[in-house]
Q: 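Dumping the structure here so I can ask a few things about it.
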Amino acid sequence: MKKLLFLCSQNRLRSPTAEAVFFEYEGLEVESAGLDRYAEIPVSTEMIEWADIIFVMEKSHRNKLSKNFQPFLKNKKVICLDIPDDFEYMEPALINLLKKKVLPLLGTI
């Protein structure tokens, strides 16, 4: 069972979409959170420790994650998906982009 954590800024559009999409896949446990202080669900050290793979949507998210949670990121795989904040929740183009970027990585991780 692979545990995936998807992170964006507010946990309102991109990362909850990713959580909903990959929740449907067998063999995956999925959570999402936001890196901003006022995120719907703020990321916690427990979430980071729980995750096998952490997906961030932008390079700035990786930087913020490293800055705020560095001690908990040892031996963690952090992958930047380079998905800009241009999509609505569950927008078909976002779903397709997430599948295109994430699914190939799951077979090799």
Side-chain angles (χ1 to χ4, degrees):
M1 190 68 92
K2 287 182 183 164
K3 298 175 191 158
L4 312 181
L5 176 61
F6 291 92
L7 301 176
C8 65
S9 298
Q10 296 292 324
N11 190 231
R12 291 197 180 115
L13 304 171
R14 293 172 288 175
S15 59
T17 297
E19 181 178 13
V21 167
F22 294 104
F23 179 80
E24 302 293 322
Y25 285 79
E26 201 170 307
L28 299 179
E29 286 184 46
V30 186
E31 288 190 13
S32 69
L35 287 156
D36 288 356
R37 180 177 300 158
Y38 300 108
E40 294 289 318
I41 300 172
V43 68
S44 66
T45 54
E46 292 81 14
M47 288 175 161
I48 291 169
E49 289 175 334
W50 167 86
D52 295 319
I53 310 162
I54 301 169
F55 291 97
V56 297
M57 298 296 162
E58 301 174 31
K59 289 180 181 76
S60 64
H61 298 143
R62 183 188 316 202
N63 295 340
K64 191 178 264 191
L65 182 67
S66 293
K67 181 180 168 205
N68 296 330
F69 295 95
Q70 189 59 50
F72 304 97
L73 294 172
K74 287 189 172 95
N75 303 319
K76 292 290 177 180
K77 190 160 195 96
V78 179
I79 298 170
C80 181
L81 297 173
D82 287 314
I83 297 177
D85 194 8
D86 296 338
F87 300 95
E88 294 299 319
Y89 177 71
M90 295 304 285
E91 183 177 326
L94 174 57
I95 292 169
N96 290 337
L97 192 55
L98 284 163
K99 287 181 179 179
K100 180 180 163 190
K101 290 185 175 239
V102 173
L103 289 175
L105 296 170
L106 295 179
T108 61
I109 297 173

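We're numbering straight along the sequence, starting at 1.
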Q: Look at the side-chain heavy atoms of Ile, Leu, Val, Met, Phe, Trp and Tyr, link any pair under 4.5 Å apart, and say whether I83 and V78 land in one connected group.
A: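 Each belongs to a different hydrophobic cluster.
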Q: Taking only residues two or more places apart in sequence, or in another chain, which ones meet D82 in a salt bridge (charged side-chain N to carboxylate O under 4.0 Å, His left out)?
A: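 Scan of D82 (salt bridge (charged side-chain N to carboxylate O under 4.0 Å, His left out), adjacent residues dropped) gives K59.
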Q: Please report the shortest heavy-atom distance between S9 and A39, naming the atom on each side.
A: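 Scanning both residues completely, I find the closest heavy atoms to be O-CB, 3.7 Å.
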Q: Would you check, one step at a time, whether the test side chain to side chain contact (heavy atoms under 4.5 Å, CB included) holds for V56 with C80?
A: CA-CA 5 Å; V56 297; C80 181; 3.9 Å; yes
Q: Roughly how far, to the nearest 0.5 Å, is CG of D86 from CZ of R14?
A: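 Going from the CZ atom of R14 to the CG atom of D86 covers 8.0 Å.
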Q: Can F55 be reached from L65 by stepping across I, L, V, M, F, W or Y side chains whose heavy atoms are under 4.5 Å apart?
A: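 No, no single cluster joins them.
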Q: For the hydrophobic clusters of this structure (ILVMFWY residues joined by side-chain heavy atoms under 4.5 Å, transitively), does one cluster hold both F72 and L4?
A: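 No.
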Q: Filter on salt bridge (Lys or Arg N to Asp or Glu O under 4.0 Å), then keep only pairs touching residues 34-53, sequence neighbours left out; what's left?
A: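 As it turns out, the salt bridge (Lys or Arg N to Asp or Glu O under 4.0 Å) pairs with a partner in residues 34-53, which skip direct neighbours, are R12-E40, D36-K64.
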Q: Where is the tightest heavy-atom contact between S15 and S32, given as atom of each residue plus distance?
A: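 What the structure gives for the nearest pair is O-CB, 3.3 Å.
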Q: Who passes side-chain contact (heavy atoms from CB on, under 4.5 Å) against E91, sequence neighbours left out?
A: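 Listed in chain order: F87, E88, A93, L94.
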Q: Let's go through L7 and H61 carefully: what are the C-alpha distance in whole Å and the side-chain angles of both, what is the deciding distance for side chain to side chain contact (heavy atoms under 4.5 Å, CB included) to 0.1 Å, and is it a yes or a no?
A: CA-CA 7 Å; L7 301 176; H61 298 143; 5.6 Å; no
Q: Under the side-chain contact (heavy atoms from CB on, under 4.5 Å) test, which residues partner K74, sequence neighbours left out?
A: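 Residues passing side-chain contact (heavy atoms from CB on, under 4.5 Å) with K74: none at all.
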Q: Residues in salt bridge (charged side-chain N to carboxylate O under 4.0 Å, His left out) with K67, at least two apart?
A: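 Result, salt bridge (charged side-chain N to carboxylate O under 4.0 Å, His left out) vs K67: none returned.
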Q: Test: salt bridge (Lys or Arg N to Asp or Glu O under 4.0 Å). Region: residues 92-107. Which pairs qualify, not counting sequence neighbours?
A: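 Residue pairs with at least one partner in residues 92-107: there are none.
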Q: Which residues pass the side chain to side chain donor-acceptor pair (under 3.5 Å) test with T17, sequence neighbours left out?
A: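 Partners of T17 by the side chain to side chain donor-acceptor pair (under 3.5 Å) criterion come out as none, since no residue qualifies.
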Q: Run the side-chain contact (heavy atoms from CB on, under 4.5 Å) test against S60 and tell me which residues pass, sequence neighbours left out.
A: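 Checked S60 against side-chain contact (heavy atoms from CB on, under 4.5 Å); matches are E58.
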Q: Just jot down the ring-ring contact (aromatic ring centres under 6.0 Å, His included) partners of Y25, sequence neighbours excluded, or say none.
A: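 Applying ring-ring contact (aromatic ring centres under 6.0 Å, His included) to Y25 gives F22.
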Q: Considering non-hydrogen atoms only, spot the tightest contact between L5 and A33 and give its length.
A: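 Taking L5 first and A33 second, the nearest heavy atoms are CD1-N, 4.4 Å.
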Q: Does some side-chain heavy atom of L35 sit less than 4.5 Å from a side-chain heavy atom of C8?
A: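 Answer no - side chains too far apart.
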Q: Are L98 and I53 linked, directly or through other ILVMFWY residues, by side chains that come within less than 4.5 angstrom of each other?
A: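 Yes, L98 and I53 fall within the same hydrophobic cluster.
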Q: Are M57 and F6 close enough that some pair of their side-chain heavy atoms sits under 4.5 Å apart?
A: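 Yes; the side chains approach each other to less than 4.5 Å.
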Q: Do the non-hydrogen side-chain atoms of L106 and L103 ever get within less than 4.5 Å of each other?
A: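 Of all side-chain heavy-atom pairs linking L103 with L106, at least one is under 4.5 Å.
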Q: Minimum heavy-atom separation for Y89 to L13, with atom names?
A: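 Shortest heavy-atom separation between Y89 and L13 comes out as N-CD2, 3.5 Å.
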Q: Hydrophobic cluster membership, with links at side-chain heavy-atom distances under 4.5 Å among I/L/V/M/F/W/Y: are M47 and V30 in one?
A: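 Result: no, two separate clusters.
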Q: What distance do T45 atom OG1 and N68 atom CG have between them, rounded to the nearest 0.5 Å?
A: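 Interatomic distance, T45 OG1 to N68 CG, rounded to 0.5 Å: 12.0 Å.
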Q: Apply the test side chain to side chain contact (heavy atoms under 4.5 Å, CB included) to residues I79 and I54: give CA-CA distance (whole Å), side-chain angles for both, the deciding distance (0.1 Å), then the verdict.
A: CA-CA 6 Å; I79 298 170; I54 301 169; over 6 Å; no
Q: Does anything in residues 21-35 pair up under salt bridge (Lys or Arg N to Asp or Glu O under 4.0 Å), and if so which pairs, sequence neighbours excluded?
A: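 Qualifying pairs, neighbours excluded: none.
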